[in-house]
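Structure first, then comments.
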Amino acid sequence: MAAGALLLAGCWIAYTQNQGRQAPALTLNKIKPDLYEIEGDGGNVAMYVTGEGVILVDDKFEQDYENIMAKVKSVTGQPVKYVLSTHHHSDHSGGNVKFLPTAEIISTANARANIVEHKQPGAPADMAPARVVFTEECSVFLGGKEVRAHYYGRGHTNGDAVIYFPALRTIHTGDLMAGKTPLIDYAGGGSLKEWTKTLDGALELDFDTVIPGHGPVTDKAGLTAYRNNIEKLRNRAAGLIQEGKSQEEVGKVMAAEFGWGPNSMQAQWSLPGMMQELR
Ligand SMILES: [Zn+2]
């Protein structure tokens, strides 16, 4: 579990360390017919190829643009027409600034506001928000194929979209599933209380394959297990907080049982907010 937390933490803060460095190599995995995953440096990107253009889910950091485009061109000559954005963090939306001149970017209204209002501490100053937003549901129809974006409520942030490929029975969760343990971004409107309800909305969709925000591709049972671990974590933390335990004491239990080590993003970003939310 500690490894999962560190993986996620590493991804989120990587851009500060990577600036000026050569962008890391990416790998391309075929998931379903015409659906690929681009993995490495930042959040997992989904790539859906149609006869009228390519639809991406997320675009990693700004520095990954050339490598993402090289992966797209290794599969198709079609241009990227749409980027469906799962949330405002720079490891998922940092490439927006490079894609916006030639593609339409779509996100939740809250994810756009979080970029406009600079809600992610330390994010690059040139983060570019989506030009098209939605609040509940939005579909893109291209080349006879459909991709649907849903907003089910708060979790990792207050603007996480779940992206659904109905014909392929596949979803991309953004960071509503990422690594082994949840990272609640309270500054970005996240909520541990709401998170399981939000995932319950996604779990009602008809799917068998899950592309998480970070980590390996999994299935519906994998997402259900992730959801149940969040419930366990929340109940454990709430019990301790209601017993009057201090942040330090709660932090020690979270580290031992859920991988929230002292250097994890969770210890830094989620623990103080969680003490408030579960009081
Ligand atoms: Zn994130």
Side-chain angles (χ1 to χ4, degrees), residues 8 11 26-61 64-65 67-76 78-96 98-99 103-108 111 130 132 134 137-152 156 159-179 199 202 205-220 222-223 226:
L8 178 56
C11 290
L26 306 178
T27 54
L28 185 71
N29 305 313
K30 186 163 186 178
I31 307 297
K32 293 270 176 95
D34 297 323
L35 181 66
Y36 299 80
E37 179 211 32
I38 306 173
E39 206 182 338
D41 198 38
N44 294 330
V45 166
M47 164 189 166
Y48 198 24
V49 180
T50 85
E52 293 178 352
V54 173
I55 302 166
L56 296 183
V57 178
D58 286 349
D59 51 29
K60 300 185 183 286
F61 296 103
D64 298 309
Y65 173 76
N67 289 346
I68 292 172
M69 286 311 298
K71 293 299 178 200
V72 171
K73 283 170 186 160
S74 74
V75 172
T76 178
Q78 293 285 344
V80 174
K81 290 269 183 75
Y82 294 93
V83 180
L84 303 192
S85 188
T86 62
H87 65 295
H88 70 287
H89 290 152
S90 61
D91 55 337
H92 297 260
S93 294
N96 288 5
K98 290 281 176 67
F99 280 99
E104 206 54 84
I105 297 179
I106 303 172
S107 78
T108 63
V132 178
F134 69 96
E137 190 182 315
C138 168
S139 280
V140 172
F141 297 90
L142 193 69
K145 290 170 175 164
E146 180 187 4
V147 184
R148 205 179 300 157
H150 290 274
Y151 180 67
Y152 291 114
H156 175 62
D160 306 299
V162 173
I163 314 298
Y164 183 40
F165 304 88
L168 302 179
R169 302 184 67 230
T170 298
I171 64 170
H172 188 308
T173 63
D175 284 353
L176 286 170
M177 179 177 188
L199 283 180
L205 295 169
D206 177 26
F207 65 91
D208 58 26
T209 303
V210 178
I211 303 173
H214 300 267
V217 171
T218 183
D219 55 15
K220 199 165 199 170
L223 181 59
Y226 190 85

Glu52 to Gly143 - nearest heavy-atom pair and separation: OE1-N, 2.9 Å

Just how far is it from atom CE of Met47 to atom CD1 of Ile38, taken to the nearest 0.5 Å? 6.0 Å

Do the rings of His150 and Tyr164 sit parallel, tilted or perpendicular, given the 30° and 60° boundaries? tilted

Taking C-beta and beyond as the side chain, do Ile105 and Asp59 meet within less than 4.5 Å on heavy atoms? yes

Gly222 to Asp219 - nearest heavy-atom pair and separation: N-OD1, 2.9 Å

Enter the distance from Asn44:CG to Thr27:OG1 here, rounded to the nearest 0.5 Å. 8.5 Å

Could you check whether any side-chain N or O of Asp58 sits under 3.5 Å from a backbone N or O of Thr86, counting only pairs where one atom can act as donor and the other as acceptor? yes

Evaluate side-chain contact (heavy atoms from CB on, under 4.5 Å) for Val217 paired with Asn29, printing each intermediate quantity in order. CA-CA 10 Å; Val217 171; Asn29 305 313; 5.9 Å; no

Taking NZ, NE, NH1 and NH2 as the nitrogens, is one of them in Lys32 or Asp208 under 4.0 Å from a carboxylate oxygen of the other? yes

Under the side-chain contact (heavy atoms from CB on, under 4.5 Å) rule, what do Leu199 and Met177 come out as? Steps first, then yes or no, please. CA-CA 9 Å; Leu199 283 180; Met177 179 177 188; 5.7 Å; no

What I'd like to find out is whether the side chain of Thr170 reaches to under 4.5 Å of the side chain of Phe207, using heavy atoms alone. no

Mind checking ring pair (Phe, Tyr, Trp, His ring centres under 6.0 Å) for Phe165 and listing every partner two or more places apart, or none if nothing turns up? Tyr48

With a 4.5 Å limit on heavy-atom distance, are the side chains of Thr108 and Phe134 in contact? yes

Rounded to the nearest 0.5 angstrom, the CD-CZ distance for Glu146 and Phe141 is 3.5 Å

Where the side chain of Asp64 meets the backbone of Phe61, is there a donor-acceptor pair that is under 3.5 Å apart? yes

Of all heavy-atom pairs between Pro212 and Gly215, which one has the smallest distance, and what is that distance? CG-O, 3.4 Å

dist Cys138:SG -> Ile106:CD1 (nearest 0.5 Å) comes out at 4.5 Å

Is a donor on one side and an acceptor on the other found under 3.5 Å between the side chain of Lys71 and the backbone of Leu26? yes

Roughly how far, to the nearest 0.5 Å, is the NZ atom of Lys220 from the CG atom of Leu205? 7.5 Å

If you define the side chain from C-beta out and look only at heavy atoms, does anything of Leu168 sit under 4.5 Å from Thr209? no

How close do Ser85 and Asn96 get, counting heavy atoms only, and between which atoms? OG-ND2, 4.5 Å

Here the gap from Lys30 atom NZ to Leu35 atom CG, rounded to the nearest 0.5 Å, amounts to 9.5 Å

Considering all heavy atoms of both residues, which atom of Gly213 and which atom of Thr173 are nearest to each other, and what is their separation? N-OG1, 3.7 Å

Hey, does the side chain of Lys60 reach the backbone of Asn67 with a donor-acceptor pair shorter than 3.5 angstrom? no

Is a side-chain N or O of Lys145 found less than 3.5 angstrom from the main chain of Gly51, in a donor-acceptor match? no

Set of residues satisfying ring pair (Phe, Tyr, Trp, His ring centres under 6.0 Å) with respect to His172, sequence neighbours excluded: none

Centroid separation under 6.0 Å, is that true for the rings of His92 and His214? yes

Quick one: does any side-chain atom of Lys81 pair with a main-chain N or O of Ala103 as donor and acceptor, under 3.5 Å? no

Closest non-hydrogen atom pair between Asp160 and Tyr151, with its separation: O-CD1, 3.4 Å

Between the side chain of Tyr226 and the main-chain N/O of Ala178, is any donor-acceptor distance below 3.5 Å? yes

Is any side-chain heavy atom of Ile68 closer than 4.5 Å to one of Lys98? no

pair Val147-Leu84: side-chain heavy atoms closer than 4.5 Å: yes

